[in-house]
Number of protein chains: 2
Amino acid sequence: MGSATDTGPAAPAPRRKAGRPRGELLNRTKIAAAAVRFVGDRGYEALTMSALARALGVSASALYNHVDSKQDVLQLVQDRVMDDVDCSGFSGLPLHEALRRWAWSYREVFARHAPLVPVIAVLPVSGSPRTLRMYEEVAAGFARAGWARERVIPAIVALESFIFGSALDAVAPQDIFEVGHLAGEVPAFAAAVHSQKASVQDPAEDAFEYGLEALLRGLLAADG
Amino acid sequence: MGSATDTGPAAPAPRRKAGRPRGELLNRTKIAAAAVRFVGDRGYEALTMSALARALGVSASALYNHVDSKQDVLQLVQDRVMDDVDCSGFSGLPLHEALRRWAWSYREVFARHAPLVPVIAVLPVSGSPRTLRMYEEVAAGFARAGWARERVIPAIVALESFIFGSALDAVAPQDIFEVGHLAGEVPAFAAAVHSQKASVQDPAEDAFEYGLEALLRGLLAADG
């Protein structure tokens with residue numbers, strides 16, 4: 001919601017040269033940013049090349065000068081979002097702690113981009129170099145910890161599945177489990193909901209913490 | 001893709017009485033079924049009351065005779081889909097085995113209805129009696145196994161998050177982790193992908209099995 005005055009009177013907002021065609025300002029970075037916003041606002045189904053071009057204020061042909069297809073746009077989106085995930089732990093911390101840091105960051109990034117979860121969860125990684133770099137850091141972390149090679153991908157997929165589901169849970173309404181007038185018919189569930197509510201501040205964060213530690217404990221007990 | 005001839009010449013397809021208004025055939029069960037199909041075909045964003053009425057071949061006002069709102073439709077959808085989840089283990093099996101049976105069934109149901117995952121994951125349960133009944137069976141199973149009451153909901157949410165993410169993974173393309181021409185830049189990841197491919201038939205199922213057992217082991221080691 002920034003306006004030109006936000007930067008103070010000494011720093012007027014930069015202006016595009018009059019008459020300069022808007023298409024010249026286009027690049028893959030801007031297209032990725034616009035596509036992330038677009039999917040967040042209007043959903044994946046609405047994303048077409050022509051709708052994205054309209055959102056960018058350019059012609060479809062100008063868009064096609066930079067990207068080949070909707071699939072290409074989604075690869076850009078994936079790379080842009082995955083690049084925010086913190087992989088720094090894998091270069092020095094023990095595997096358990098590195099995975100914990102990565103998982104919390106991964107969940108936080110996708111909780112900010114929840115509408116992308118069902119898109120990215122099924123998107124091939126091959127055209128996304130920064131996404132591949134993330135997977136390389138994670139896989140190398142497992143390898144250094146001595147994991148059986150054929151168990152590395154199942155472990156990554158299990159963690160990612162938990163993280164993607166948790167990112168959706170992070171954006172669910174806080175009262176998603178309120179039982180309302182049916183409480184008398186579901187006494188064990190109603191008691192559990194009441195008890196959790198009384199004991200934690202942020203139910204989604206608590207469930208993520210609890211589940212992540214359980215999953216890491218279970219994974220590392222088997223192979224670590 | 002069945003046609004009338006599939007049932008053989010002795011069993012002609014039943015026909016609606018001529019002149020009978022289509023609206024009279026409408027009920028909440030049919031609305032739920034149509035809404036599940038609609039979301040599967042065209043996505044959640046496209047689901048409006050008028051679009052659903054068109055898909056059912058009825059007027060919007062006929063639809064409003066049976067349901068109050070889009071939210072009401074989604075509650076019906078949730079109840080319809082959740083009713084297929086197998087909770088039979090909770091009435092006799094040890095908790096670990098009951099949770100395993102429930103989790104496999106839950107994933108299978110949502111893998112068949114993957115477009116519903118991001119919808120159901122954030123939908124309140126209060127208006128969905130059959131969904132509440134499922135949660136009651138699970139919560140009662142934890143209670144009978146002696147779990148700390150305030151840990152029941154975090155455990156259910158952790159399992160559900162893993163299941164929802166895994167249902168998305170189940171519909172991902174098999175080659176989602178193919179690294180393509182960048183293999184040389186991501187050696188640890190490429191080796192892990194290659195090694196998994198050589199050792200398992202169904203990577204998504206293998207990762208679910210592996211992750212579920214780890215998560216159950218980790219959860220039950222802490223509280224079981």
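What you see below is based on every heavy atom in this structure, not just the backbone, and it leaves out hydrogens, waters and symmetry mates. Chain identifiers are assigned alphabetically (A, B, ...) following the order of the sequence lines, protein sequences preceding nucleic acid strands; residue numbering begins at 1 within each chain.
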If we define contacts as heavy-atom pairs under 4.5 Å, which of [options] has the most with chain A?
options	value
Val186(B), Val171(B), Ile163(B)	Val186(B)
Gly211(B), Ala214(B), Ser199(B)	Ala214(B)
Ala114(B), Ala143(B), Pro187(B), Ala183(B)	Pro187(B)
Arg149(B), His194(B), Arg42(B)	Arg149(B)
Ser128(B), Gly141(B), Ala204(B), Pro173(B)	Pro173(B)

Report the distance from atom [atom1] of [X] to atom [atom2] of [Y], rounding to the nearest 0.5 Å.
X	Y	atom1	atom2	result
Leu26(A)	Asn65(A)	CG	CG	8.5 Å
Leu52(B)	Arg54(B)	CG	CZ	10.0 Å
Lys197(A)	Asp175(A)	NZ	CG	7.5 Å
Ser161(A)	Leu212(B)	OG	CG	11.5 Å
Leu159(B)	Tyr106(B)	CG	OH	10.0 Å
Glu213(A)	Leu219(B)	CD	CG	11.5 Å

Side chain, backbone, both or neither of [X] within contact of chain A (heavy atoms, under 4.5 Å):
X	value
Pro115(B)	neither
Leu182(B)	side chain
Leu123(B)	backbone
Ala198(B)	neither
Ser166(B)	both
Pro118(B)	both
Glu137(B)	neither
Val138(B)	neither

(request) Answer with yes or no after comparing the ring centroid distance for Phe164(A) and Phe110(A) against a 6.0 Å cut-off, counting only values under it. (result)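 Close enough - the centres of the two rings lie under 6.0 Å apart.
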With chain B, which of [options] has the greatest number of heavy-atom pairs at distances under 4.5 Å?
options	value
Ala158(A), Ser195(A), Ala139(A)	Ser195(A)
Asp169(A), Ile176(A), Val117(A)	Ile176(A)
Ala172(A), Pro203(A), Pro154(A)	Pro154(A)
Phe189(A), Phe177(A), Tyr44(A)	Phe189(A)
Ala140(A), Gly165(A), Gly180(A), Pro129(A)	Gly165(A)

(request) Would you please classify the geometry between the Trp147(B) ring and the Tyr210(A) ring as parallel, tilted or perpendicular, with 30° and 60° separating the classes? (result)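 Taking Trp147(B) first and then Tyr210(A), their aromatic rings stand perpendicular (interplane angle over 60°).
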(request) Measure the acute angle between the ring planes of Phe162(B) and Phe208(B), then classify it against the limits of 30° and 60° as parallel, tilted or perpendicular. (result)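 Geometry flag for Phe208(B) against Phe162(B): parallel rings.
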(message) Checking Arg112(B) against Glu108(B) for the salt bridge (charged side-chain N to carboxylate O under 4.0 Å, His left out) test, could you report, in this order, the C-alpha distance in whole Å, the side-chain angles of both residues, the deciding distance, and whether it holds?
(response) CA-CA 6 Å; Arg112(B) 272 192 281 124; Glu108(B) 184 272 323; 2.8 Å; yes
(request) Determine, stepwise, if the pair Glu185(A) / Arg133(B) fulfils salt bridge (charged side-chain N to carboxylate O under 4.0 Å, His left out). (result) CA-CA 8 Å; Glu185(A) 293 172 39; Arg133(B) 249 184 338 256; 5.3 Å; no
(message) Would you say that more than 12 heavy atoms from the other residues, nucleotides or ligands in this model lie under 6.0 Å from the NE2 of His96(B), or not?
(response)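 Above 12, so yes.
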(request) Pick one of side chain, backbone, both or neither for Glu160(A), based on which atoms fall under 4.5 Å of a heavy atom in chain B. (result)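 Just the side chain, heavy atoms under 4.5 Å.
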